[in-house]
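Reviewing the structure listed below.
Sequence positions, counted from 1, serve as the residue numbers for this chain.
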Amino acid sequence: STSSLSMDRTDPNASAAAARHETRPLMGREATDFLLTGDRSTSINLLKSFLGAGLLALPYAFRESGILLGFITLALASTLSSYGIKMLVFSKMYLSDRPEVRSYTGIVREVLGVRGYYVSLFAITLAQIGTTTSYVIFASKTLHNIASGVSQPIWVLILSPILYAMSTIKNIKNIAPISLFGLVMTGIAVLSVLIDGYASESGGSLHVARLENFPISFGIMMFSMEAISGIFPIHNEMVEKHRFPDILDRCFVILITVLSTLGISVYAFFGDNTKSVVTLNLRSGFVPDMVKILLAGSLIASFPIQLIAGAQVLDRHFVGSSAQDNSEKDHKTNMQMNVIRIALTTVAISIAIGFPHFGSFLSLIGGVAFVILGLIVPAMVHYKTFSRNLSKPQRWNHTMMIGFGLIAMVVVTSSNVSRLARGENPDD
């Protein structure tokens with residue numbers, strides 16, 4: 001039964017109370033200034049949030065698991081993530097008389113206490129580092145593909161000064177349109193791969209199901225649900241918040257359709273030759289290379305947009321309320337915020353140099369950070385928020401979701417680590 005997940009849908013008092021409280025969301029007010037705020041635009045914001053780096057590795061995920069198992073895995077990851085998001089949103093609406101629950105870490109701290117807060121802080125930081133690092137890996141591998149005389153680690157070092165300079169940007173209001181440009185370039189790149197794949201010869205045999213690679217595929221599918229931790233800013237901006245679950249359901253139908261069509265189509269064209277960096281499936285040539293360069297450039301330009309979400313969470317933890325003040329910040333506060341951003345950028349650069357395996361990296365981050373954020377923590381928050389109202393079967397549902405999440409973390413991590421330990425190059 002899912003009655004506990006729908007109890008607030010028709011409660012106008014909960015929505016009205018939630019609308020009265022305006023506090024800083026997970027991403028911070030600056031990071032959400034560019035969001036379209038009308039209720040009809042919620043679907044656009046949701047879809048735009050989900051169509052990120054994970055989209056670019058979906059064909060590789062289908063190569064790993066096979067067509068049928070890949071679709072089942074995508075449907076499973078999407079269904080569990082949607083369920084987890086609803087758990088968080090309904091818990092937030094139920095506690096709407098408390099302004100501190102309008103962010104992911106806020107509601108976790110309120111419901112699960114300090115230990116839960118630190119778990120969510122770790123997962124959010126890992127997720128944001130994972131997203132920014134994936135951009136650097138993607139861009140550097142793309143540039144190495146075009147100019148193979150320069151190694152991938154060297155390309156990372158060449159890009160480093162740009163990344164460090166952009167990391168100190170604290171207000172992304174003026175550069176936020178880059179995210180829209182990046183979305184357009186992603187669409188062009190995907191379309192180019194599909195056209196090129198249609199025109200090329202078959203890339204090899206296709207598989208229906210490869211059970212041994214299910215953990216790898218599941219991790220990538222969970223990474224493609226990367227908007228989980230940023231769902232609160234979108235919900236906070238809604239006028240009619242009780243409509244969110246219905247909008248979310250429609251968006252996930254569209255999301256599964258788009259992702260499965262993309263993944264299956266590219267895999268069908270290239271078969272076992274499907275690369276983890278989807279644009280590497282393009283043949284060489286001036287136009288394909290320009291598409292690769294523009295997409296790589298748009299991802300690098302989007303680096304601070306992705307970085308700032310995690311940075312602002314750490315700002316509130318380490319710097320305090322002065323980091324949230326929209327007025328002129330003093331020199332010490334600015335320095336502390338810059339140190340956090342430079343540290344996060346250094347971590348991203350170091351990982352991109354030492355672990356350039358795009359597919360396995362996304363799988364690891366998805367199997368740990370996004371499983372925590374999308375499955376384990378939402379089930380724990382909802383369980384504790386509605387503990388007095390849950391039936392025995394509902395309690396079992398929550399327990400099984402938490403258990404599945406914990407097992408998935410272990411299996412996905414061990415599968416990726418054992419593959420790398422055997423000396424395999426998972427991106428080949």
Side-chain angles (χ1 to χ4, degrees), residues 43-65 70-71 73-78 81-82 127-128 130-139 141-142 178-197 216-231 251-270 274-282 291-292 294-303 305-306 358-367 369-370 374 427:
S43 296
I44 297 175
N45 287 327
L46 282 170
L47 290 172
K48 186 175 67 175
S49 298
F50 278 107
L51 298 175
L55 169 72
L56 302 173
L58 253 295
Y60 174 77
F62 275 89
R63 188 196 90 172
E64 290 295 286
S65 58
F71 181 79
T73 305
L74 177 61
L76 175 64
S78 300
S81 298
S82 174
Q128 294 307 134
T131 303
T132 52
T133 303
S134 70
Y135 282 16
V136 180
I137 295 175
F138 187 98
K141 287 180 76 72
T142 298
I178 293 174
S179 67
L180 294 177
F181 173 71
L183 190 62
V184 171
M185 284 309 307
T186 299
I188 293 174
V190 169
L191 183 61
S192 300
V193 172
L194 290 172
I195 294 174
D196 195 60
I216 310 293
S217 178
F218 181 76
I220 296 174
M221 301 297 190
M222 283 303 302
F223 190 96
S224 68
M225 305 291 115
E226 60 189 272
I228 292 170
S229 61
I231 212 72
C251 285
F252 265 94
V253 170
I254 296 173
L255 187 68
I256 292 175
T257 302
V258 171
L259 295 182
S260 60
T261 301
L262 166 66
I264 293 173
S265 298
V266 175
Y267 174 53
F269 288 140
F270 296 99
T274 303
K275 306 295 184 182
S276 63
V277 175
V278 68
T279 51
L280 298 191
N281 293 291
L282 287 170
V291 170
K292 296 175 187 178
L294 288 173
L295 179 58
S298 68
L299 290 178
I300 292 300
S302 299
F303 182 87
I305 298 175
Q306 296 298 329
F358 186 69
S360 287
F361 180 75
L362 264 59
S363 182
L364 280 168
I365 299 299
F370 289 105
D427 287 350

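Side-chain contact between Leu262 and Leu55 is present, with at least one heavy-atom pair separated by less than 4.5 Å. Looking at heavy atoms from C-beta onward, Leu299 lies out of side-chain contact with Thr142 at the 4.5 angstrom threshold. Met225 places a side-chain heavy atom less than 4.5 Å from the side chain of Leu255.
Here the closest non-hydrogen pair linking Met222 and Gly366 is CB-O, 3.5 Å. The nearest pair of heavy atoms linking Gly130 to Ile365 is CA-CG1, 4.0 Å. Closest approach of Phe358 to Lys141, counting heavy atoms only: CB-CD, 4.4 Å. Smallest separation of non-hydrogen atoms from Ser217 and Ala61: OG-O, 3.3 Å. Nearest heavy-atom pair, Phe62 versus Met221, reported as atom, atom and distance to 0.1 Å: CE1-CE, 4.0 Å.
Between atom CG of residue Asn281 and atom OG of residue Ser276 there is a gap of 9.0 Å, rounded to the nearest 0.5 Å. Atoms CZ and CZ, on Phe218 and Phe223 in that order, are 14.5 Å from each other to the nearest 0.5 Å. The distance from atom OG of Ser363 to atom CD of Glu64, rounded to the nearest 0.5 Å, is 8.5 Å. For the atom pair Ile300 CD1 and Phe138 CZ, the distance stands at 10.5 Å (nearest 0.5 Å). Residue Phe361 holds its CZ atom at 5.0 Å from CD1 of Ile137, rounded to the nearest 0.5 Å. Between the CZ atom in Phe252 and the CD1 atom in Ile256 there is a gap of 7.5 Å [rounded to 0.5 Å].
Of the possible polar contacts, one joining the Ser134 side chain to the Thr131 backbone as a donor-acceptor pair under 3.5 Å is found.
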Task: Derivation and outcome, side-chain contact (heavy atoms from CB on, under 4.5 Å), residues Val278 and Tyr60 - done: CA-CA 8 Å; Val278 68; Tyr60 174 77; over 6 Å; no
